[in-house]
Amino acid sequence: MNSDVAAREVAREQEYVDTVYSQLDKAALSAQELAKEGLARGRIGNEGGLVERDAMVFQAARRMATLDAAHEGLVFGRLDMGAQVSDVPRYIGRIGLRDDNYDVLLIDWRAPAAAVFYQATLADPQGVVRRRILRSKGVHVLGVEDDLLDPEDPAAESLPIVGEGALLAQLSKARDRSMHSIVATIQAEQDRAIRAPNKGVVSISGGPGTGKTVVALHRAAYLLYADRRRYERGGVLVVGPSGVFMRYIERVLPSLGETAVALRSLGEVVDGVRATRRDEPAVAEVKGSAAMAEVLRRTSRQAVPDAPREFRVFYRDDVIVLGPRELGGLRRQLLSMGLRNRSTTRVASTLIDAMWRQVRSERGRDRTKEEFAEEMRTSDAFLEFAAAWWPRLDAPTVLGWLRDPDFLARVSEGVLDDESVRVLSKSWGDSLSVDDVALLDELRYLLGDPPIVNTGSVDDDYLAEEDASLHELWTASDREYAGPRGWAPPTNRVEDDGFAHVLVDEAQDLTPMQWRMVGRRGRGATWTIVGDLAQSSWPVPAESAAARAEALGDKPRHDFHLSTNYRNSSEIYDFAAEYAERVGLDADLPDAVRSTGIAPAQLHVDDLEGAVHEHLADLAGSLAGTVGIVVPTARLGEVTRWVSSWPEFAEETGTPDSRIVVLTGLDTKGLEFDGIVVVQPQEIEDEAPTGKATLYVVYTRATQRMVTLTS
């Protein structure tokens with residue numbers, strides 16, 4: 001195919017793309033007019049006008065956001081069907097558009113009519129003769145890549161075929177600091193997972209580089225398209241391993257025209273809380289274990305450490321005393337009635353009942369119980385005692401009780417061994433860790449905490465009124481604690497409607513306590529679960545599997561396995577696969593489809609800092625995309641200082657700082673880079689019981705080149 005034919009084909013496609021963008025501009029103008037009309041309705045001066053205003057402005061804003069998000073790469077595909085199917089090409093894009101006569105200009109990639117774009121193959125063309133992918137930047141078509149799927153069809157004779165294949169062209173692109181959609185190059189096995197039934201649980205497994213994450217995100221966009229009323233109203237929650245990862249993927253769904261999604265790392269799942277600090281592996285193993293659920297259950301039922309231990313009052317001829325024994329029995333009685341904070345209104349009456357039983361004198365019995373109760377309820381001493389003995393508790397306060405070693409030992413007896421108690425006792429920092437967030441969530445449900453306003457701070461004041469938790473918080477991200485009105489004493493849990501769909505990425509890393517936390521947000525949801533057991537950083541897979549099964553319940557399962565590695569060059573993945581086999585990992589080894597001819601370099605060096613500088617400069621200077629420096633956790637600060645102290649670095653390489661990132665092994669989960677420098681790989685392997693799996697993950701992050709440095 002000569003360049004003149006390719007240029008002519010690009011020019012033809014540009015004409016059509018110009019027509020589509022012109023219609024997009026008309027649609028945007030129409031949305032703006034709708035917003036203006038809505039604002040005008042609000043000036044009518046009656047309630048109906050205000051309702052119409054809000055509805056119209058909301059719809060207009062949503063439509064404008066969708067049109068704006070779809071602008072880049074709006075048209076990316078074309079299908080030329082066989083002679084007996086249709087002689088009119090179908091154009092596929094990020095959203096659907098019609099012309100002024102309501103004829104289809106552009107088919108939304110999620111529509112059933114577009115499915116064949118991803119599912120047609122040489123073996124089963126499904127009526128497609130030529131599949132074309134348009135490569136664009138902004139409104140300009142830069143090139144086209146064609147697949148001839150049915151050369152025997154008579155229509156094939158008149159269709160020029162351009163390019164060397166869209167998928168390999170996409171795979172060779174340089175990476176930047178964000179994940180991008182693969183909407184133009186979705187492969188058939190990926191498409192089957194994306195369009196799976198919207199019931200139950202879809203599990204997407206596969207080795208490194210198979211596109212599990214981006215396929216799952218495209219599935220979320222597909223569900224919002226296929227059943228928008230359900231999923232937009234209920235909300236979609238996407239949970240990932242770290243803040244770094246969430247920033248990496250945050251552009252994918254908006255680029256597909258979807259914004260009704262809450263993206264949260266495991267340290268941000270609980271409204272009002274944000275944690276980024278990670279515990280040492282030994283600490284994380286204790287905090288994440290299923291045994292912590294029992295420790296926290298016991299903790300939630302303990303007497304308040306600073307509460308008064310006795311109340312004494314003289315009533316007519318009787319001395320009434322509530323001592324530790326009586327108060328202990330009353331505490332158990334109140335806890336049997338349901339969640340602790342929900343029992344607050346019963347405290348006064350329960351105390352008064354117990355006190356009235358001690359009134360035995362004739363003068364005391366001259367009065368009725370109602371008169372006695374009225375006197376107590378107007379007594380400052382009684383009210384102060386009741387408030388101090390049974391205060392409304394918040395989860396951070398109760399979690400703080402575990403800082404006391406004696407208290408921790410008491411509630412852990414028979415549940416945690418002595419070493420676990422010792423490790424846990426030394427773990428509490430000034431700020432919450434990522435693993436603390438699941439513990440906090442457990443306590444909120446055990447206590448019956450009121451909702452927290454989502455401001456990002458754990459120190460927000462809690463709502464104090466008895467019915468505060470019944471207030472409506474209806475935003476997609478604030479619904480977790482706004483479930484059915486009231487509590488559920490029989491199960492002693494706060495029931496929770498949660499989200500309509502929950503997507504969990506790197507699911508193999510969730511601890512049992514994190515599965516309990518995420519599971520509460522998806523009791524009635526459909527799920528997408530993404531993971532690879534060989535990459536797990538959780539050392540007790542059976543315990544995590546049991547917690548996952550409990551979180552998902554008896555929902556029907558649909559399993560999909562991805563078998564092709566699109567990320568790594570074959571040289572890099574062969575290196576990673578050989579390591580996995582050598583250290584005994586039961587790894588899922590997909591086929592890598594691309595080769596660069598450059599094998600990873602394993603170097604032993606005397607000057608580690610100088611070697612990092614040298615090879616970082618080499619990679620950043622020779623590669624167009626991002627470069628990662630992966631280090632043991634203990635060396636993160638040290639290596640970060642090395643890189644930041646090289647003012648001449650940007651001058652030598654011409655590399656902006658944003659292309660370079662220093663990360664620990666765990667922080668690389670789900671990410672990819674054009675090049676990677678791995679510093680002290682043996683230390684990464686040795687820093688945790690699951691260090692071999694972590695290092696295997698690190699070895700599968702690079703798309704082009706990798707260097708390992710050992711001093």
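Both backbone and side-chain heavy atoms feed into the values below; hydrogens, waters and symmetry mates do not.
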Those residues at least two apart in sequence (or on a different chain) that pass side-chain hydrogen bond (donor to acceptor under 3.5 Å, both in side chains) with Gln535 are Asp532
Between the CG atom in Leu432 and the OG1 atom in Thr276, the distance rounded to the nearest 0.5 Å is 10.0 Å
Residues passing the side chain to side chain contact (heavy atoms under 4.5 Å, CB included) test with Glu371, sequence neighbours excluded, are Arg367, Thr368
Main-chain N/O of Leu510 paired to Ser544 side chain as donor or acceptor, under 3.5 Å: yes
**Item:** Distance-only polar pair, side chains of Thr350 and Asp353, donor-acceptor under 3.5 Å
**Value:** no
Derivation and outcome, side-chain contact (heavy atoms from CB on, under 4.5 Å), residues Glu687 and Thr664
CA-CA 11 Å; Glu687 65 185 357; Thr664 67; 5.5 Å; no
Applied to residues 336-358, the ring pair (Phe, Tyr, Trp, His ring centres under 6.0 Å) test, sequence neighbours excluded, yields Trp356-Phe372
Practice item. Spell out, as yes or no, whether a donor-acceptor pair under 3.5 Å connects the side chain of Arg277 to the backbone of Ser431. Key: yes
Might you work through the salt bridge (charged side-chain N to carboxylate O under 4.0 Å, His left out) test for Arg264 and Asp271, ending with a clear yes or no? CA-CA 10 Å; Arg264 300 185 186 178; Asp271 277 353; 2.9 Å; yes
Query raised in the report: Do His558 side-chain atoms and Val202 backbone N/O form a donor-acceptor pair below 3.5 Å?
Result: no
Heavy-atom donor-acceptor pair, Thr690 side chain to Ser537 backbone, under 3.5 Å: yes
message = Using a 3.5 Å distance criterion without hydrogens, assess whether the side chain of Trp527 forms a donor-acceptor pair with backbone atoms of Leu552.
response = no
Please check if the side chain of Arg219 supplies one atom and the backbone of Ala196 the other of a donor-acceptor pair under 3.5 Å.
-> yes
Residues passing the ring pair (Phe, Tyr, Trp, His ring centres under 6.0 Å) test with Trp538, sequence neighbours excluded, are none
- Message: Main chain of Ser361, side chain of Asp318: is a donor-acceptor contact present, judged purely on distance under 3.5 Å?
- Response: yes
Residues 404-415 vs side chain to side chain donor-acceptor pair (under 3.5 Å), sequence neighbours excluded, gives none
On a heavy-atom basis, the closest approach of Val434 and Gln514 is CG1-NE2, 4.1 Å
The complete set of salt bridge (Lys or Arg N to Asp or Glu O under 4.0 Å) pairs with one or both residues in residues 326-339, sequence neighbours excluded, reads none
On a heavy-atom basis, the closest approach of Arg340 and Ala303 is NH2-CA, 4.3 Å
In short, Ala354 meets Leu322 closest at the heavy-atom pair CB-CD2, 4.3 Å
Those residues at least two apart in sequence (or on a different chain) that pass side-chain hydrogen bond (donor to acceptor under 3.5 Å, both in side chains) with Ser300 are none
Return yes when atom CG of Leu533 has more than 12 non-hydrogen atoms of other residues, nucleotides or ligands closer than 6.0 Å, and no otherwise.
-> no
Distance col, row Leu416:CG vs Met292:CE, nearest 0.5 angstrom, shows 6.5 Å
- Query: Would Lys555 and Arg557 satisfy side-chain contact (heavy atoms from CB on, under 4.5 Å), going step by step from the backbone distance to the final call?
  - Reply: CA-CA 6 Å; Lys555 296 179 174 68; Arg557 306 292 203 273; 4.3 Å; yes
### Audit row: Tyr222, Asn198, side-chain contact (heavy atoms from CB on, under 4.5 Å) steps and yes/no
CA-CA 10 Å; Tyr222 171 75; Asn198 63 341; over 6 Å; no
By side-chain hydrogen bond (donor to acceptor under 3.5 Å, both in side chains), Ser205 pairs with (sequence neighbours left out) none
Could you check if a side-chain atom of Trp401 sits within less than 4.5 angstrom of a side-chain atom of Val304, using non-hydrogen atoms only? yes
To the nearest 0.5 Å, atom CG of Leu446 lies from atom CG of Leu393 at 12.0 Å
Residue set satisfying side chain to side chain contact (heavy atoms under 4.5 Å, CB included) with Ser427, at least two apart, ordered chain then number -> Val283, Lys287, Leu424
Those residues at least two apart in sequence (or on a different chain) that pass side-chain hydrogen bond (donor to acceptor under 3.5 Å, both in side chains) with Glu419 are Arg422
When every non-hydrogen atom of Ala220 is compared with those of Val236, the smallest separation belongs to CB-CG1, 4.4 Å
With sequence neighbours left out, the residues meeting side chain to side chain contact (heavy atoms under 4.5 Å, CB included) with Glu374 are Thr378
Residues Asp505, Thr213; criterion side chain to side chain donor-acceptor pair (under 3.5 Å); working and verdict = CA-CA 7 Å; Asp505 202 359; Thr213 296; 2.5 Å; yes
TODO: Take Val415 and Arg298 through the side-chain contact (heavy atoms from CB on, under 4.5 Å) test and state the conclusion after the steps.
DONE: CA-CA 10 Å; Val415 180; Arg298 294 181 180 184; 3.4 Å; yes
Smallest heavy-atom separation, Ala284 atom then Asp279 atom, equals N-CB, 4.0 Å
Exercise. Counting distance only, does the side-chain N/O of Asn341 pair as donor-acceptor with the main-chain N or O of Arg392 below 3.5 Å?
Worked result: no
Sorted by chain and number, sequence neighbours left out, side chain to side chain contact (heavy atoms under 4.5 Å, CB included) with Ser379 holds for Ala381, Phe382
Looking only at heavy atoms, the pair that brings Asp317 and Arg363 closest together is OD2-CD, 3.0 Å
So CG of Asp380 and CZ of Phe385: to nearest 0.5 Å the spacing works out to 15.0 Å
Asp436 side-chain N/O to Ser433 backbone N/O, donor-acceptor pair under 3.5 Å
yes
Separation between CG (Leu335) and CD (Gln302), nearest 0.5 Å, reads 9.5 Å
Rounding to 0.5 Å, atoms CG (Leu296) and CZ (Arg516) come to a distance of 9.0 Å
